[in-house]
J.: 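Please see the structure below; I have some questions.
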Amino acid sequence: MNDFAQIRQRFPILKQTENGQPLVYLDSGATSQKPQEVIDAITRYYTLENANVHRGVYGLSERATEAYEGAREKVRRFMNAVSTKEVVFVRGTTEAINLVAATWGRANMNPGDEVIITEMEHHSNIVPWQLLRDELGIRLTVLRINQKGEICLNALESLLSERTKLLSITHMSNALGTINPVKEMTALAHKVGAKVLIDGAQAVPHMKVDVQDIGCDFYAFSAHKMYGPTGIGVLYGKESLLEAMPPYQGGGDMIYSVTFERTEYNVLPYKFEAGTPHIAGGIGLGAAVDFMESIGQDKIAEYENQLLQYATEKLKAIDGLRIIGEAENKGGVISFIVEGAHPHDMATLMDQDGIAVRASHHCAMPVMQHFDVPATVRASFGVYNNFDDIDCLVAAVVEARDMLL
Ligand SMILES: Cc1ncc(COP(=O)(O)O)c(CNc2co[nH]c2=O)c1O
């Protein structure tokens, strides 16, 4: 049994059947499945370590704090941040981006200042900037994509100006699979003095991310996409920026002292972590980091690329099927349509064969508009998928197409 076949055995959920067929889970882009070690870490916390963190002066609370803050250090090392002060726990990528818009955005942007995003963004990296535009009178500029679903660095350079205060971009598209050249994009933005936020929700599960190498100012991701629990994610921010930013929410734990006249805020990262945190989620995220590092992100990327190439070759051979998003550099996501068959009908029929794929606009409606489709069928891979899964996917696509046409 090869390494990835053994890894698959660590996911209990994949042992079930769906409609009498083995479950073929191909929707990791929406949320990944969880390995037993992540499930066990969360269970262990509630079984043996549950207490509120940071302020208890008794052993159980100290052990809970050690586990929770130990997870923060794991995340720091995982993304190569300089300090745990730069690792803010949030609910997920959406909250991370909203936090930056609400704090850094409000404190640093004035009417006429510009945020640049790309045409392939998830709604969670579009709507927060529209809200800020409508509140502050800033400009929101879109970097268009080509028919392969790629951005053009020269076009970005032409858009950047002294007016640009933030470039906010996805590292990897959830709808197209496109991997953006974020290091080069960051360098171009920094040349005009703009800050850079990277939405890493789809990238972190699939590849090694080194925030110091990229040079970005903020980086956001969600635990539930990289084999961890829902409800916990990370905002990385350069310490100097986070230090200068006002708090996001007020309450307990984010304070040092409170009088009715004024409050002195807590140090980083706690200034941004008001209230009782998702302690079990943080510990589960730490276990997910251990899981990914036990395999090796480069090994994950290489294996998923093999799956992607195989799936692309097999799907392209199906009459009437059009792949949406054919970037030279892609991660483990493949979107497609079958002429004459609505994606929702396709996915519904494929479910009858035990195939779990997403049929949607994928919270990337501008991408659907660009390709003039209402939605796509999307298969997205995790470390537990294999070539048999892809053969089952292809057979189910053909069967659904033949039933619908
Ligand atoms: C690129 C990208 N950014 C942000 C988000 C938001 O992450 P959240 O805050 O954890 O929800 C998603 C979630 N993408 C998807 C969620 O379901 N299907 C998807 O493709 C995403 O793919």
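Start at 1 and go down the list; that is how both ligands and their atoms are numbered. What you see is a predicted model, and the numbers here were worked out from it, not measured in a lab.
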J.: If I apply the N/O under 3.5 Å rule, does Glu95 come out as touching ligand 1?
T.: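 So ligand 1 has no N or O lying under 3.5 Å from an N or O of Glu95.
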J.: Any idea which protein heavy atom is nearest atom 4 (C) of ligand 1, and the distance to it?
T.: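 Here the nearest protein heavy atom works out to Ser124 OG, 3.1 Å.
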J.: Looking only at heavy atoms, is any part of Asp199 under 4.0 Å from ligand 1, and if so is it the side chain, the backbone, or both, or is it neither?
T.: side chain
J.: Looking only at the side chains, is there a donor atom on one of His224 and Thr31 sitting less than 3.5 Å from an acceptor on the other?
T.: yes
J.: Quick check: does Gln202 get an N/O under 3.5 Å from an N/O on ligand 1?
T.: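 Yes, since at least one N or O of Gln202 sits under 3.5 Å from an N or O of ligand 1.
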J.: Is it the side chain (CB and beyond), the backbone, both or neither of His224 that lies under 4.0 Å from ligand 1, heavy atoms counted?
T.: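 Within the 4.0 Å criterion, His224 contacts ligand 1 through side-chain atoms alone.
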J.: Does His362, backbone or side chain, put an N or O under 3.5 Å from an N or O of ligand 1?
T.: no
J.: Inspect the surroundings of NZ in Lys165 and state if more than 12 heavy atoms from other residues, nucleotides or ligands are less than 6.0 Å away.
T.: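 Result for NZ/Lys165: enclosed.
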J.: Looking just at side-chain N and O atoms, do Asp134 and Gln130 make a donor-acceptor pair shorter than 3.5 Å?
T.: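 Gln130 and Asp134 do not have a side-chain donor-acceptor pair below 3.5 Å.
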J.: So which protein heavy atom does atom 20 (O) of ligand 1 come closest to, and at what separation?
T.: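 Result: Arg378 NH1, 2.6 Å.
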J.: Which of the atoms in ligand 1, numbered in the order shown and given with their element, are less than 4.0 Å from a heavy-atom of Asn174?
T.: 19 (C), 20 (O), 22 (O)
J.: Tell me the protein heavy atom at minimum distance from atom 11 (O) of ligand 1, and give that distance in Å.
T.: Thr94 OG1, 3.9 Å
J.: Looking only at protein heavy atoms, identify the closest one to atom 16 (C) of ligand 1 and say how far it is in Å.
T.: Lys225 NZ, 3.2 Å
J.: Should you measure from each heavy atom of Ser222, which atoms of ligand 1 turn up under 4.0 Å away?
T.: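 The atoms of ligand 1 under 4.0 Å from a heavy atom of Ser222 are 7 (O), 8 (P), 9 (O), 10 (O).
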J.: Side chain, backbone, both or neither: which part of Arg91 comes within less than 4.0 Å of ligand 1 when only heavy atoms are counted?
T.: neither
J.: Do Thr178 and Ser173 meet the criterion of a side-chain donor-acceptor pair at a distance under 3.5 Å?
T.: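 Looking only at side-chain atoms, Ser173 and Thr178 do not form any donor-acceptor pair under 3.5 Å.
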J.: Atom 19 (C) of ligand 1: which protein heavy atom is closest, and how many Å away?
T.: Gly29 O, 3.5 Å
J.: Between Phe11 and Phe291, is the ring centroid distance below 6.0 Å?
T.: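 Aromatic pair counts; centres sit under 6.0 Å.
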J.: Ignoring hydrogens and geometry beyond distance, is a side-chain donor-acceptor pair present between His122 and Gln202 at under 3.5 Å?
T.: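 Not at all, the side chains of His122 and Gln202 share no donor-acceptor pair under 3.5 Å.
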J.: What I want to check is whether the side chains of Thr84 and Glu73 have a donor and an acceptor closer together than 3.5 Å.
T.: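 No, because no side-chain N or O of Thr84 sits under 3.5 Å from a partner of the opposite role on Glu73.
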J.: Looking only at protein heavy atoms, which one is nearest to atom 18 (N) of ligand 1, and what is the separation?
T.: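 Going by distance alone, atom 18 (N) of ligand 1 is nearest to Ala30 CA, 3.4 Å.
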J.: Quick check on the 6.0 Å ring-centre criterion: do His171 and His206 meet it?
T.: no
J.: Are Phe4 and Tyr303, when compared by the centres of their aromatic rings, separated by less than 6.0 Å?
T.: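 Distance test on ring centres: under 6.0 Å, yes.
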J.: Can Thr118 and Glu121 be counted as having a side-chain donor-acceptor contact under 3.5 angstrom?
T.: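 Yes, a side-chain donor-acceptor pair sits under 3.5 Å.
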J.: Could you check atom 21 (C) of ligand 1 against the protein and tell me its nearest heavy-atom contact, residue, atom and distance included?
T.: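 Closest protein heavy atom to atom 21 (C) of ligand 1: His122 CD2, 3.4 Å.
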